[in-house]
A.B. asks: 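Can you keep this structure in mind? I'll have questions shortly.
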Amino acid sequence: MRYDLVIFDNDGVLVDSEPISNRLLAAYLTELGHPTSYEDSIRDYMGSAMHRIHDLVLERTGERLPEDFDDVFHARVFAAFERELKAVPGAVDVLEKLGADGVPYCVASSGSHERIRVGHRTTGLDRYFDEGRVFSSQDVGRGKPAPDLFLHAAERMGVAPARCLVVEDSPLGVQAAVAAGMDVYGFTAMTPPAKLARATQLFSDMGELADLLV
(Lines give C-alpha, C1' and ligand atoms only; values in the text may rest on other atoms or scores of the structure.)
Protein backbone atom coordinates (compact mmCIF):
# COMPACT_ATOMS: atom_id res chain seq x y z
CA MET A 1 0.00 0.00 0.00
CA ARG A 2 1.51 3.30 -1.10
CA TYR A 3 -0.36 5.40 1.47
CA ASP A 4 -0.85 5.34 5.24
CA LEU A 5 -4.19 7.18 5.12
CA VAL A 6 -6.96 7.58 2.53
CA ILE A 7 -8.98 10.78 2.98
CA PHE A 8 -12.33 10.78 1.20
CA ASP A 9 -14.32 13.80 0.22
CA ASN A 10 -17.96 13.06 1.00
CA ASP A 11 -20.40 14.71 -1.42
CA GLY A 12 -20.10 13.11 -4.85
CA VAL A 13 -17.42 10.67 -3.70
CA LEU A 14 -19.12 8.60 -1.00
CA VAL A 15 -22.72 9.79 -1.30
CA ASP A 16 -24.37 10.81 -4.56
CA SER A 17 -25.52 14.14 -3.16
CA GLU A 18 -24.17 16.70 -5.62
CA PRO A 19 -27.08 16.51 -8.10
CA ILE A 20 -29.57 16.90 -5.24
CA SER A 21 -27.86 19.71 -3.35
CA ASN A 22 -26.90 21.74 -6.42
CA ARG A 23 -30.41 21.48 -7.85
CA LEU A 24 -31.82 22.82 -4.58
CA LEU A 25 -29.11 25.46 -4.19
CA ALA A 26 -29.72 26.82 -7.69
CA ALA A 27 -33.46 26.95 -7.04
CA TYR A 28 -33.09 28.67 -3.67
CA LEU A 29 -30.64 31.31 -4.92
CA THR A 30 -32.95 32.00 -7.86
CA GLU A 31 -35.89 32.27 -5.48
CA LEU A 32 -33.95 34.90 -3.52
CA GLY A 33 -33.37 37.00 -6.64
CA HIS A 34 -29.94 35.64 -7.65
CA PRO A 35 -30.69 33.71 -10.87
CA THR A 36 -28.61 30.54 -10.82
CA SER A 37 -28.81 27.49 -13.05
CA TYR A 38 -27.90 23.96 -11.99
CA GLU A 39 -24.81 24.24 -14.18
CA ASP A 40 -23.87 27.54 -12.51
CA SER A 41 -24.14 25.92 -9.10
CA ILE A 42 -21.95 22.97 -10.10
CA ARG A 43 -19.35 25.32 -11.57
CA ASP A 44 -19.22 27.82 -8.73
CA TYR A 45 -20.10 25.95 -5.55
CA MET A 46 -19.48 22.22 -5.94
CA GLY A 47 -17.10 21.08 -3.21
CA SER A 48 -17.13 24.37 -1.32
CA ALA A 49 -18.11 25.26 2.22
CA MET A 50 -21.23 27.33 2.86
CA HIS A 51 -19.25 30.49 3.52
CA ARG A 52 -18.11 30.47 -0.13
CA ILE A 53 -21.72 30.79 -1.29
CA HIS A 54 -22.22 33.81 0.95
CA ASP A 55 -18.90 35.33 -0.14
CA LEU A 56 -19.52 34.93 -3.88
CA VAL A 57 -23.07 36.28 -3.77
CA LEU A 58 -21.90 39.31 -1.77
CA GLU A 59 -18.95 39.86 -4.11
CA ARG A 60 -21.08 39.63 -7.25
CA THR A 61 -24.22 41.48 -6.16
CA GLY A 62 -23.28 43.54 -3.12
CA GLU A 63 -26.15 41.85 -1.27
CA ARG A 64 -25.97 39.52 1.72
CA LEU A 65 -27.93 36.29 1.82
CA PRO A 66 -30.57 36.05 4.59
CA GLU A 67 -29.36 35.16 8.07
CA ASP A 68 -31.37 31.94 7.99
CA PHE A 69 -30.07 30.93 4.53
CA ASP A 70 -27.99 28.00 5.81
CA ASP A 71 -30.77 26.65 8.01
CA VAL A 72 -33.41 26.84 5.29
CA PHE A 73 -31.12 25.34 2.67
CA HIS A 74 -30.03 22.47 4.91
CA ALA A 75 -33.63 21.69 5.86
CA ARG A 76 -34.52 21.37 2.17
CA VAL A 77 -31.43 19.29 1.43
CA PHE A 78 -31.92 16.91 4.35
CA ALA A 79 -35.56 16.34 3.40
CA ALA A 80 -34.48 15.51 -0.17
CA PHE A 81 -31.71 13.25 1.12
CA GLU A 82 -34.27 11.18 3.02
CA ARG A 83 -36.20 10.66 -0.23
CA GLU A 84 -33.46 10.36 -2.83
CA LEU A 85 -29.91 9.93 -1.51
CA LYS A 86 -27.86 6.84 -2.35
CA ALA A 87 -24.25 5.82 -1.82
CA VAL A 88 -21.99 6.29 -4.83
CA PRO A 89 -21.81 2.94 -6.64
CA GLY A 90 -18.64 1.13 -5.58
CA ALA A 91 -18.07 3.20 -2.41
CA VAL A 92 -19.06 0.38 -0.05
CA ASP A 93 -16.73 -2.04 -1.82
CA VAL A 94 -13.79 0.35 -1.45
CA LEU A 95 -14.49 0.91 2.26
CA GLU A 96 -14.84 -2.83 2.84
CA LYS A 97 -11.52 -3.45 1.08
CA LEU A 98 -9.69 -0.78 3.08
CA GLY A 99 -11.13 -2.17 6.30
CA ALA A 100 -10.15 -5.74 5.41
CA ASP A 101 -6.62 -4.63 4.53
CA GLY A 102 -6.27 -2.55 7.70
CA VAL A 103 -5.72 0.69 5.80
CA PRO A 104 -6.78 3.77 7.82
CA TYR A 105 -9.31 6.05 6.15
CA CYS A 106 -11.48 9.02 7.05
CA VAL A 107 -13.79 11.59 5.48
CA ALA A 108 -12.99 15.31 5.19
CA SER A 109 -15.91 17.28 3.81
CA SER A 110 -16.84 20.88 3.16
CA GLY A 111 -20.28 19.97 4.50
CA SER A 112 -21.30 20.35 8.11
CA HIS A 113 -21.06 17.46 10.57
CA GLU A 114 -24.86 17.25 10.50
CA ARG A 115 -24.94 17.03 6.70
CA ILE A 116 -22.29 14.30 6.71
CA ARG A 117 -24.14 12.31 9.37
CA VAL A 118 -27.55 12.64 7.70
CA GLY A 119 -26.08 11.42 4.43
CA HIS A 120 -24.27 8.51 6.03
CA ARG A 121 -27.29 7.39 8.04
CA THR A 122 -29.54 7.56 5.00
CA THR A 123 -27.19 5.46 2.85
CA GLY A 124 -25.93 3.08 5.55
CA LEU A 125 -22.37 4.38 5.35
CA ASP A 126 -22.48 5.39 9.02
CA ARG A 127 -21.26 1.91 9.99
CA TYR A 128 -17.92 2.69 8.34
CA PHE A 129 -17.33 6.07 10.02
CA ASP A 130 -17.15 6.52 13.77
CA GLU A 131 -16.71 10.03 15.17
CA GLY A 132 -12.93 9.79 14.97
CA ARG A 133 -13.05 9.38 11.20
CA VAL A 134 -15.27 12.36 10.35
CA PHE A 135 -13.89 15.84 9.70
CA SER A 136 -15.78 18.90 8.47
CA SER A 137 -14.92 22.40 7.34
CA GLN A 138 -16.63 23.40 10.59
CA ASP A 139 -13.51 22.11 12.36
CA VAL A 140 -11.14 24.62 10.72
CA GLY A 141 -11.05 28.32 9.94
CA ARG A 142 -11.06 28.01 6.15
CA GLY A 143 -12.70 25.46 3.89
CA LYS A 144 -11.46 24.16 0.54
CA PRO A 145 -9.57 25.30 -1.54
CA ALA A 146 -7.46 26.09 1.54
CA PRO A 147 -5.48 23.02 2.72
CA ASP A 148 -6.55 23.43 6.36
CA LEU A 149 -9.19 20.69 6.45
CA PHE A 150 -6.98 18.00 4.92
CA LEU A 151 -4.06 18.96 7.14
CA HIS A 152 -6.34 18.85 10.18
CA ALA A 153 -7.58 15.37 9.24
CA ALA A 154 -4.05 14.06 8.72
CA GLU A 155 -2.90 15.50 12.05
CA ARG A 156 -5.84 13.99 13.92
CA MET A 157 -5.26 10.63 12.26
CA GLY A 158 -1.54 10.80 13.06
CA VAL A 159 -0.25 10.58 9.48
CA ALA A 160 2.21 12.87 7.69
CA PRO A 161 0.66 14.73 4.72
CA ALA A 162 3.10 13.15 2.27
CA ARG A 163 1.75 9.72 3.23
CA CYS A 164 -1.89 10.66 2.59
CA LEU A 165 -4.06 10.15 -0.46
CA VAL A 166 -7.13 12.35 -1.00
CA VAL A 167 -10.06 11.18 -3.14
CA GLU A 168 -11.86 14.21 -4.59
CA ASP A 169 -14.34 15.12 -7.31
CA SER A 170 -14.18 18.92 -7.29
CA PRO A 171 -11.55 21.38 -8.54
CA LEU A 172 -11.61 23.13 -5.15
CA GLY A 173 -10.90 19.85 -3.38
CA VAL A 174 -8.06 18.94 -5.73
CA GLN A 175 -6.58 22.41 -5.19
CA ALA A 176 -6.80 21.94 -1.41
CA ALA A 177 -5.13 18.52 -1.51
CA VAL A 178 -2.28 19.78 -3.69
CA ALA A 179 -1.78 22.73 -1.33
CA ALA A 180 -1.65 20.27 1.59
CA GLY A 181 1.20 18.37 -0.08
CA MET A 182 -0.90 15.24 -0.60
CA ASP A 183 -1.46 13.04 -3.61
CA VAL A 184 -5.02 13.29 -4.90
CA TYR A 185 -7.04 11.00 -7.15
CA GLY A 186 -9.66 12.88 -9.12
CA PHE A 187 -13.04 11.16 -9.49
CA THR A 188 -14.49 12.22 -12.84
CA ALA A 189 -17.99 10.71 -12.67
CA MET A 190 -19.55 14.19 -12.53
CA THR A 191 -16.62 16.48 -13.24
CA PRO A 192 -14.92 16.91 -16.63
CA PRO A 193 -11.37 15.51 -16.38
CA ALA A 194 -9.89 18.80 -17.57
CA LYS A 195 -11.20 20.51 -14.43
CA LEU A 196 -9.30 18.00 -12.25
CA ALA A 197 -6.10 18.18 -14.28
CA ARG A 198 -3.94 18.93 -11.21
CA ALA A 199 -4.82 15.56 -9.69
CA THR A 200 -2.14 12.89 -9.35
CA GLN A 201 -4.39 10.44 -11.18
CA LEU A 202 -7.92 10.42 -12.61
CA PHE A 203 -10.53 7.68 -12.50
CA SER A 204 -14.19 7.54 -13.48
CA ASP A 205 -15.59 4.50 -11.64
CA MET A 206 -15.38 4.17 -7.84
CA GLY A 207 -15.05 0.42 -8.35
CA GLU A 208 -11.62 1.09 -9.86
CA LEU A 209 -10.23 2.78 -6.77
CA ALA A 210 -9.32 -0.29 -4.73
CA ASP A 211 -7.09 -1.57 -7.51
CA LEU A 212 -5.45 1.84 -7.93
CA LEU A 213 -4.43 1.93 -4.28
CA VAL A 214 -2.13 -1.11 -4.36
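This chain uses plain numbering: 1 for the first residue, then up along the sequence.
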A.B. asks: Take Met46 and Leu172, measure what side chain to side chain contact (heavy atoms under 4.5 Å, CB included) needs, and give me the verdict at the end.
C.D. replies: CA-CA 8 Å; Met46 181 172 161; Leu172 294 175; over 6 Å; no
A.B. asks: Identify the two heavy atoms, one from Cys164 and one from Ala154, that lie closest to each other, and give their separation to 0.1 Å.
C.D. replies: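 Result for this residue pair: SG-CB, 3.8 Å.
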A.B. asks: Looking only at side-chain N and O atoms, does Ser41 offer a donor or acceptor that is under 3.5 Å from a partner on Arg23?
C.D. replies: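 Arg23 vs Ser41: no donor-acceptor pair found between side chains.
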A.B. asks: What's the shortest heavy-atom distance between Met206 and Gly90, and which atoms?
C.D. replies: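 Closest heavy-atom pair between Met206 and Gly90: CG-C, 3.8 Å.
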A.B. asks: Could you walk me through whether Tyr105 and Ile7 pass the side chain to side chain contact (heavy atoms under 4.5 Å, CB included) test, one step at a time?
C.D. replies: CA-CA 6 Å; Tyr105 63 86; Ile7 303 175; over 6 Å; no
A.B. asks: Distance check, rounded to the nearest 0.5 Å: Glu208 atom CD versus Leu202 atom CG?
C.D. replies: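 Rounded to the nearest 0.5 Å, the CD-CG separation comes out at 10.5 Å.
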A.B. asks: Compute whether any side-chain donor of one residue and acceptor of the other, for Asn22 and Tyr45, lie under 3.5 angstrom apart.
C.D. replies: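 Side-chain D/A pair, Asn22 to Tyr45: absent.
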A.B. asks: What residues, two or more places apart in sequence or in another chain, satisfy side-chain contact (heavy atoms from CB on, under 4.5 Å) together with Asp4?
C.D. replies: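 Partners of Asp4 by the side-chain contact (heavy atoms from CB on, under 4.5 Å) criterion, ordered by chain and then number, come out as Val159, Arg163.
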A.B. asks: I'd like to know if Leu5 and Val107 are part of one continuous hydrophobic network [Ile/Leu/Val/Met/Phe/Trp/Tyr, side-chain heavy atoms within less than 4.5 Å].
C.D. replies: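 Shared cluster, no.
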A.B. asks: Are Val174 and Met182 linked, directly or through other ILVMFWY residues, by side chains that come within less than 4.5 angstrom of each other?
C.D. replies: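 Yes: a chain of side-chain contacts under 4.5 Å links Val174 to Met182.
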A.B. asks: Return the CG to CZ distance between Asp44 and Arg52, rounded to the nearest 0.5 Å.
C.D. replies: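 Going from the CG atom of Asp44 to the CZ atom of Arg52 covers 7.0 Å.
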A.B. asks: I need the minimum non-hydrogen distance between Glu18 and Gly47, along with the two atoms involved.
C.D. replies: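 Answer, listing the atom of Glu18 first, then Gly47: OE2-N, 3.9 Å.
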A.B. asks: Hey, is CZ on Arg43 packed in by over 12 heavy atoms from elsewhere, all under 6.0 Å?
C.D. replies: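 Atom CZ in Arg43 is packed in, count exceeds 12.
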A.B. asks: Between Phe150 and Phe135 (judged by ring centroids, cut-off 6.0 Å), do the two rings come close enough to count as a pair?
C.D. replies: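 Not close enough - the centres of the two rings lie 6.0 Å or further apart.
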A.B. asks: Assess whether atom CZ of Arg2 is packed by more than 12 heavy atoms of other residues, nucleotides or ligands within 6.0 Å.
C.D. replies: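 More than 12 within 6.0 Å, yes.
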A.B. asks: So, are Lys86 and Asp16 salt-bridged, with charged N and O less than 4.0 Å apart?
C.D. replies: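 Salt bridge absent between Lys86 and Asp16.
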A.B. asks: So, for Lys144 and Ser110, which heavy atoms are closest and what is the spacing to 0.1 Å?
C.D. replies: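 In terms of heavy atoms, the two residues are closest at CD-OG, 3.5 Å.
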A.B. asks: Check for a donor-acceptor pair, side chain of Thr36 on one end and backbone N or O of Thr30 on the other, with a separation under 3.5 Å.
C.D. replies: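 No; judged by distance alone, with no hydrogens or angles, the pair does not exist.
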A.B. asks: Consider only side-chain heavy atoms of I, L, V, M, F, W and Y, link residues closer than 4.5 Å, and tell whether Val77 and Ile42 are in one cluster.
C.D. replies: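 Result: no, two separate clusters.
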A.B. asks: Going by the rule side-chain contact (heavy atoms from CB on, under 4.5 Å), which residues pair with Lys195 if we only count those two or more places apart in sequence or in a different chain?
C.D. replies: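 Per chain and number, Lys195 pairs via side-chain contact (heavy atoms from CB on, under 4.5 Å) with Pro171, Thr191, Pro192.
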A.B. asks: Just how far is it from atom CZ of Arg60 to atom CG of Asp55, taken to the nearest 0.5 Å?
C.D. replies: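 Rounded to the nearest 0.5 Å, the CZ-CG separation comes to 11.5 Å.
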A.B. asks: Might you work through the side chain to side chain contact (heavy atoms under 4.5 Å, CB included) test for Asp9 and Val167, ending with a clear yes or no?
C.D. replies: CA-CA 6 Å; Asp9 176 44; Val167 184; over 6 Å; no
A.B. asks: Measure the shortest side-chain to side-chain distance between Phe187 and Val88 over non-hydrogen atoms and say whether it is less than 4.5 angstrom.
C.D. replies: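 Phe187 vs Val88: side chains touch.
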A.B. asks: Distance check, rounded to the nearest 0.5 Å: Arg142 atom CZ versus Asp148 atom CG?
C.D. replies: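 CG of Asp148 is found 4.0 Å from CZ of Arg142.
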A.B. asks: Are Ile20 and Phe78 linked, directly or through other ILVMFWY residues, by side chains that come within less than 4.5 angstrom of each other?
C.D. replies: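 Linked, Ile20 and Phe78 end up in one cluster.
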A.B. asks: For Gln201, does the CD atom sit with more than 12 other heavy atoms under 6.0 Å from it, leaving out its own atoms?
C.D. replies: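 Result for CD/Gln201: enclosed.
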A.B. asks: Cationic tip of Arg133 within the cone over Tyr128's six-membered ring, i.e. under 6.0 Å and within 45° of the normal?
C.D. replies: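 Cation-pi check for Arg133 and Tyr128: fails.
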A.B. asks: Any side-chain heavy atom of Ser109 within less than 4.5 Å of one from Phe8?
C.D. replies: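 No. Closest side-chain heavy atoms not under 4.5 Å.
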A.B. asks: For Ser136 and Asp139, indicate whether the former's side chain and the latter's backbone hold a donor-acceptor pair under 3.5 Å.
C.D. replies: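 Here the side-chain-to-backbone pair does not exist.
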A.B. asks: Taking the six-membered ring where the residue is Trp, are the ring centres of Tyr28 and Phe69 under 6.0 Å apart?
C.D. replies: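 For Tyr28 and Phe69, the ring centres are under 6.0 Å apart.
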A.B. asks: Rounded to the nearest 0.5 Å, what separates atom OG in Ser37 from atom CG in Leu29?
C.D. replies: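 The OG atom of Ser37 sits 10.5 Å away from the CG atom of Leu29.
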A.B. asks: May I ask whether Leu98 and Leu125 are part of the same hydrophobic cluster, defined by side-chain heavy atoms of I, L, V, M, F, W, Y residues being less than 4.5 angstrom apart, directly or through others?
C.D. replies: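 The answer is yes; both residues are in one hydrophobic cluster.
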A.B. asks: Going from CE on Met190 to OG on Ser204, what distance comes out if it is rounded to the nearest 0.5 angstrom?
C.D. replies: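 The distance works out to 14.0 Å.
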A.B. asks: Find out whether Val6 and Val166 are in side-chain contact, i.e. whether some heavy atom of one side chain is under 4.5 Å from a heavy atom of the other.
C.D. replies: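 No - every pair of side-chain heavy atoms lies 4.5 Å or more apart.
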A.B. asks: Evaluate the side-chain proximity of Phe203 to Thr188: yes if any heavy-atom separation is below 4.5 Å, no if none is.
C.D. replies: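 No, too far: nothing below the 4.5 Å cut-off.
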A.B. asks: Would you check if Pro161 and Leu151 make a side-chain contact, meaning some heavy-atom pair closer than 4.5 Å?
C.D. replies: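 The answer is yes, as the side chains (C-beta and beyond) meet within the 4.5 Å cut-off.
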A.B. asks: Decide yes or no on side chain to side chain contact (heavy atoms under 4.5 Å, CB included) for Leu25 and Ile53, but give the supporting numbers first.
C.D. replies: CA-CA 10 Å; Leu25 178 58; Ile53 302 171; 3.8 Å; yes
A.B. asks: Heavy-atom distance under 4.5 Å between the side chains of Glu63 and Leu32, does that happen here?
C.D. replies: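 Heavy-atom side-chain distance check fails, nothing below 4.5 Å.
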A.B. asks: Could you tell me which non-hydrogen atom of Asn10 sits nearest to which non-hydrogen atom of Ile116, and how far apart they are?
C.D. replies: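 Scanning both residues completely, I find the closest heavy atoms to be ND2-CA, 4.1 Å.
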A.B. asks: On a heavy-atom basis, which atom in Leu14 and which in Leu95 lie closest, and how many Å separate them?
C.D. replies: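 Taking Leu14 first and Leu95 second, the nearest heavy atoms are CD2-CD1, 4.4 Å.
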A.B. asks: Should Glu114 and His74 count as side-chain neighbours, where that means a heavy-atom distance under 4.5 Å?
C.D. replies: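 Counting from C-beta outward, Glu114 and His74 never come under 4.5 Å.
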A.B. asks: Could you tell me whether Asp101 and Lys97 make a salt bridge, using a distance below 4.0 angstrom between a side-chain N and a carboxylate O?
C.D. replies: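 Result for this pair is yes, salt bridge flagged.
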A.B. asks: Are Arg117 and Glu131 side-chain neighbours, meaning at least one heavy-atom pair lies under 4.5 Å?
C.D. replies: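 Yes, close enough: below the 4.5 Å cut-off.
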